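Computed over heavy atoms, backbone and side chain alike; hydrogens, waters and symmetry mates excluded. Predicted, not measured: the structure shown is a model, and the values here were computed from it. Within every chain, numbering begins at 1; the chains are lettered A, B, ... in the order of the sequence lines, protein sequences first and strands thereafter.
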Amino acid sequence: METKQRVSAQAPAWRAALWQSVIKLDPRLLLRSPVMLVVELAAVLTTLLCFWPQEGVSLGFSIQISLWLWFTLLFANFAEALAEGRGKACADSLKAGTQGLIARKQTAEGGFEPVAAGNLRKGDVVRVEAGELIPSDGEVIEGIAAVNEAAITGESAPVIRESGGDRSAVTGNTRVVSDWLLVRITSNPGESTLDRMIALVEGAQRQKTPNEIALDTLLIGLTLIFLLVVLTLQPFARFAGGELPLIYLTALLVTLIPTTIGGLLSAIGIAGMDRLMRLNVIAKSGRAVEAAGDVHVLLLDKTGTITFGNRRCAAVHKAPNVSLHVLSEAALLSSLADDTPEGRSIVEFLQQQNTSKLPQRHEVEAIAFSAETRLSGADWQGHRYRKGAVDAVLRFLSLTPEQMPAPLAREVERIAQSGGTPLLVSMDDQLLGAIQLKDVVKPGIRERFALLRQMGIRTVMVTGDNPLTAAAIAAEAGVDDVLAEATPEKKLHRIRAEQAEGKLVAMCGDGANDAPALAQADVGLAMNDGTQAAREAANLVDLGSDPTKLLDVVQVGKELLMTRGALTTFSVANDVAKYFAILPALFSGLYPALGALNLMQLHSPQSAILSAIIFNALIIIALIPLALRGIRLSALDAVQLLRRNLLIYGLGGLITPFVGIKLLDELLVAMGVV
Amino acid sequence: MELEDYGLLLGFLACVLLPAPFLGRYMFRVMERQPLWLSSHLAPVERLGYRVLGVEAETEQSWRAYAKALLGFTLLNILVLFGVLVSQGHLPLNPQQVSGLEWTLALNTAVSFVTNTNWQAYSGEANLSYFSQMLGLTVQNFISPAIGIAVLAVLCRGLARKTTQALGNFWVDLWRVILYILLPACLLLAPVLVWLGVPQTLDSYATALTLQGQEQHIPLGPVASQVAIKQLGTNGGGFFGVNSAHPFENPSAWSNLLELAAILLIPAALVFTFGDYVRDRRQSWALLACMLVLFIASLGLTLYAEHRPNPALVGLPVEQTGSLEGKESRFGVTGSALWAVATTTASSGSVNAMHDSFSALGGLGLLVNMMLGEVIFGGVGAGLYGMLLCVMIAVFLAGLMIGRTPEYLGKKLEAVEIRWLVASLLVMPVGVLVFTALAVSLEGPASAISNPGPHGFSQILYAYTSATANNGSAFAGLSANTPFHNLLLALAMLLGRLGYILPVLAIAGSLGAKRCAPPDSNSRFPTHSPLFVVLLTLSILVVSGLTFLPALVLGPLAEHLISVG
């Protein structure tokens, strides 16, 4: 079922990519990739040479060479088109939502007028009613509503958006499902989250990242060197009393210049963005993604990232002379009607311990939490069950802290020191004991931090807790360092201090007070459900609002670079074998003794050159899946990683073409095409 | 090979490698203006120099200011030397009454000595006055290596310093290198050479009556001082036309060993200076390992090729003991082959044998040494900064392969650095391939060779490789003293010198302005590990190999394959 779906979804993508690879032959489009532009010029030249017969070169051979050069070009274009195509369908569905959307814009007089969503500018105020789409990114200035953000985040449960606070940002193309909102638009046409997503997946406005520019420069340099090598061969040959056919030289040039990486470079970049997209992360620039691969320090909020956002019940401690059973029952009853995550965690915890028959929720009379008493609980069968913070319960029972039984007081003290939160439980006027709530570290997070440490990335936990509490959780989660009692200034200061040591810092945050730190960090990941200020300041936005995504972004960034580096090495290493195929073919007419260099024992000069050209074209096709998938970052340290990639792509790049060209040569001769 | 041959090799390696760490540290202290034993005595001279030059010694320059000073000074030196050479007939210290040089030859010679190439299209004893030799050429023999060390120091500072524009003062660097490194070294070496029999006089040539009853002029001159600096400064421009094959330049086996070691002494020690700059001598050992691997491989090839009997004479009733034609019997095959490898790897260009007479494979090895860009030890300063550029290319590829923005010693290599790196990568292909192509395509220049076929091609290829690599050794056989070759070779030498210096300074400037990432994270691969040495060695070989293989195939390789049938 699933495979069937995938096939049907991919078939049009293939067809579209085929068509696109022809369109991309336009030299203006190839300007972005100078290596492939040289291939195109070579292809044009060899095509012309088909009409301009040269001595010693058969027409059939010329036609085959020129065809394979065009194929080389088409294969590279196909890779790019395929990478783009994966995002295109997604972009089209996104675009469809906003087309023809009419927004209700507030006029100067306070009334509303219909305006096309595409014409909204920064600062405009619009009113959105239940059932309508929010026309663009903005900030809620009035009202409260449930918003379905599935179109952007993929999360189907509606979320609450209201003015003020940390939940005021709304995203274009999300649907208000209840009530209404007054939204101040915060992005101009073409700059909204939606536009960025479309641009990202289409790869249209993709700007080259710094490393890509550097690599491009190197590839251009190599191309220039090989151009000089090939151009000077003719004078050298004439000095030796011979003449080399132009088509041979053109073929040599194309095999030498780094076409493998040159042809796949943009596909690698687009595919990387596509992987981010699938992680539901929007990068404002490719630079941020690359920088993520380089970070030395990760600043992570404790709450929500390292621990579950809420405290969970971990244990109960009874007061002297109270049976554990009574305490458990009272604690459970007092939490039965409590819908907060803490309350639910107490019920879950105790239901595992307590098997006795208990009332259903509706049977008890719920006493909701109030700001005045700061207690919650339930009345049942004439008993008043209450739970709350230590001082609140003591006040409720009219006790002073000194009157608390000494063993219980010690227990409460211990809970607080270990980073937990103690709650007291009472039945009527009797103090029964304490519930220990604590931050629960997310499962698996410790292993992820260990992985990061292996990659050389240090993790710092940022929390508002006191140092004692923070240290306890840090030890449990296995982070390297803690920033306790963190304030926005402290965060900013810490980031600057790390940067002053030359480190690259990544952090994630959602609150408005995180904005300065997000802006200062080299990589800032903002949560989509956070404030607009945070989203503006960060260079990555996680639509799924999962702070651990930062770890995935780091991985994508590294895989992008690795793929580029490995294919460059492969491409350059390939040239050695190509030389040994083509040079003897070129020169054996000048000095027959040079036939000794024909290590692969290729049949004839023409079969040698043709095999090298065909290998050069086919290797692009063969590497497309690798370029799109990216090289996996295994949990290895730098030395192991380098050794592995050098062996596979360096040594492999040296050997593969020897084998490939030899096989192609045999095949060509067997088929009798040369 | 005999026991004494192995003794020579070991003695040579010991003389080069044992003092290197200490000399390297000393040079670091010179460059960083730290107190020295010598400076307590020479400080007044140092200060006098600054006053004469009008230099504020405490002010450091940005890379642009440094480059401007360097370019201006280089141009001035070329003009002055050119002036001296064309007008030497009217200048003092000219007991042999030689006249001024023809202008293309004078320009070629001026560029040659200013760029530390010391390509000699003239013959010293026939064409130059003592004035030209001492105040013209010998002065440049001090200045050009000093500039090499200065440029290297700037690159080291760029790597070692953080977020700064200040990378040293050109005039201070230049003056301190000459005063504290080159002059003292020469003052130590020259008397030893005199003791070993090298003349040092300002008298006119000696006249002797030969056994045939004819009068013979025996050229003399201030030879020892010039030989000392031409060896130590990897200059290579001999006092006499036949260079260190001349018995007055290189009288004995002992002088041969000493002069050999002097070629590589400073280039090897500078590797440690670099390690001191970046506070990590493991980096030095890694670079040294790479250089030694390439050096020994090249030496092995040349020794093998030269000790082999000449294939053309096999089967004839001739007793063969390696190919001795074109070599001095005083030094033998090993002494000559070792010198040839040292001089071509070190961009020295001084010779004690005819490289033209080497076997095809031996000549191939020498050509390859230069085509690698003179990074195996290389010229004083120039070799190591060339090597560091290779390191950056290797680091760039390796960095990408482990998924990080490439960085070397904590400094990120980004588009700016790569742009300049690529510019430097183009120098050798342009100078060697394009200029050789020009020379072989034109009727006149191409006819300057003495042999047709692949060997003739090698002769021209060697000349332009030697010039672009700023080596200066000649394959001979090529009559290079024609206006065409004089001018094109001069251009090649300038390209080979400035085409590296400017990128190096620019890269140093860019690196110096950057933050430095902490060294202690295992996210980065160690550039002192054996793995990196392997990667570096291979990338040097592959990049140069891919560039020059076709030319080598048409030259020495074809000659070799034809000769072995």
Side-chain angles (χ1 to χ4, degrees), chain A residues 210-211 213-215 217-218 220-221 224-226 228-229 231-233 235-240 256 290 293-294 296 454-457 499 501-504 557-559 561-562 564-566 568-569 572-573 575-576 579 583 587 590-591 593-594 596-597 633 637-639 641-643 645-646 649, chain B residues 162 393 396-406 410 413-415 417-419 421-423 425-426 429-430 433-434 436-438 440-441 446 453-454 456-457 515-518 521-526 529 531 535 538 542-543 545-551 553-554 557-558 561-562 564-565:
Chain A
N211 278 312
I213 294 171
L215 183 55
T217 313
L218 186 68
I220 293 172
L224 273 175
I225 289 177
F226 289 127
L228 293 180
V229 169
L231 284 178
T232 53
L233 270 185
F236 293 174
R238 285 196 185 130
F239 181 80
L256 289 181
E290 266 183 6
D294 288 344
H296 300 99
Q454 227 183 341
M455 299 195 296
I457 300 173
Q499 286 175 336
E501 287 175 39
K503 293 175 187 160
L504 281 179
K558 280 187 179 298
E559 288 174 352
L561 288 189
M562 271 170 46
R564 292 196 189 116
T568 306
T569 309
V572 174
D575 281 357
V576 176
Y579 259 142
L583 285 188
F587 295 153
L590 299 174
Y591 303 114
L594 287 176
L597 293 177
L633 177 73
D637 65 21
V639 177
L641 208 55
L642 180 61
R643 185 176 306 134
N645 284 341
L646 265 183
Y649 301 99
Chain B
K162 292 167 203 168
I393 290 180
F396 184 76
L397 283 182
L400 289 183
M401 271 193 288
I402 60 161
R404 296 186 64 85
T405 299
L413 303 178
E414 290 162 303
E417 287 79 20
I418 299 301
R419 209 154 33 232
L421 266 179
V422 163
L425 273 181
L426 285 170
V430 170
L433 297 180
V434 176
T436 304
L438 256 172
V440 297
S441 322
F457 181 72
R515 311 195 292 206
C516 185
S521 79
N522 59 346
S523 60
R524 107 172 167 217
F525 60 90
S529 64
L531 179 66
L535 173 67
L538 288 180
V542 167
V543 169
L546 292 180
T547 311
F548 296 115
L549 193 63
V553 165
L554 285 179
L557 216 54
L561 289 173
I562 290 169
V564 297

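One distance of note links CG of B:L531 with CG of A:L642; it measures 5.0 Å at 0.5 Å rounding. In this structure, CG on B:L425 lies 10.5 Å from CG on A:L224, to the nearest 0.5 angstrom. Within the model, atoms CZ of B:R404 and CG of A:L504 stand 7.5 Å from one another, a figure rounded to the nearest 0.5 Å. Note that CD1 of A:I225 and CG of B:L546 are 9.0 Å apart. Values are rounded to the nearest 0.5 Å. How far CG of B:L538 is from OG1 of A:T569: 11.5 Å, rounded to the nearest 0.5 Å.
Residues A:N211 and B:P406 come closest through the heavy atom pair OD1-CD, 3.5 Å. Counting all heavy atoms, side chain and backbone alike, A:V229 lies closest to B:P550 at CG1-CG, 3.8 Å. When all heavy atoms of B:I418 and A:A214 are compared, the closest pair comes out as CG2-O, 3.3 Å. In this structure, B:M401 and A:M562 approach most closely via the heavy-atom pair O-CG, 3.1 Å. Considering every non-hydrogen atom in both B:L400 and A:G565, the closest pair reads CB-CA, 3.4 Å. Residues B:L561 and A:A596 approach most closely at CD2-CB, 4.2 Å, considering heavy atoms.
For A:A573, no part lies under 4.5 angstrom from a heavy atom of chain B. Both the backbone and the side chain of A:L215 have a heavy atom closer than 4.5 Å to some heavy atom of chain B. Contacts between B:V434 and chain A at a heavy-atom distance below 4.5 Å involve backbone atoms as well as side-chain atoms. Neither the backbone nor the side chain of A:Y649 comes within contact range of chain B; no heavy atoms are under 4.5 Å apart. Neither the backbone nor the side chain of B:S529 comes within contact range of chain A, judged by heavy atoms closer than 4.5 Å. In this structure, no portion of B:V543 lies under 4.5 Å from any heavy atom of chain A. Using a 4.5 Å cut-off between heavy atoms, B:F396 touches chain A through its side chain atoms alone.
Chain B forms more heavy-atom pairs under 4.5 Å with one residue of A:P235, A:A566, A:A237 than with any other, namely A:P235. Taking chain A as the reference chain and counting heavy-atom pairs below 4.5 Å, the highest number among B:I393, B:L426, B:L413 is found for B:L426. Interface remark: of the candidates A:E501, A:E559, A:R643, A:E501 forms the most heavy-atom pairs closer than 4.5 Å to chain B. Highest contact tally toward chain B, considering only A:V576, A:L228, A:I213, is held by A:L228 [criterion: heavy-atom pairs under 4.5 Å]. For chain A, the option among B:G456, B:P454, B:P526, B:A423 with the highest count of heavy-atom pairs below 4.5 Å is B:P454. Of the listed residues B:G410, B:A551, B:C516, the one with more heavy-atom pairs under 4.5 angstrom with chain A than any other is B:C516.
When each of B:L557, B:L554, B:V553 is tested with A:Y591 by the rule side-chain contact (heavy atoms from CB on, under 4.5 Å), just one qualifies, namely B:L554. The only member of A:L646, A:T568, A:V572 that meets side-chain contact (heavy atoms from CB on, under 4.5 Å) when paired with B:L397 is A:T568.
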* Could you walk me through whether A:I220 and B:V422 pass the side-chain contact (heavy atoms from CB on, under 4.5 Å) check? -> CA-CA 9 Å; A:I220 293 172; B:V422 163; over 6 Å; no
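Residues B:L433 and A:F236 have side chains in contact (heavy-atom distance under 4.5 Å, counting atoms from C-beta outward).
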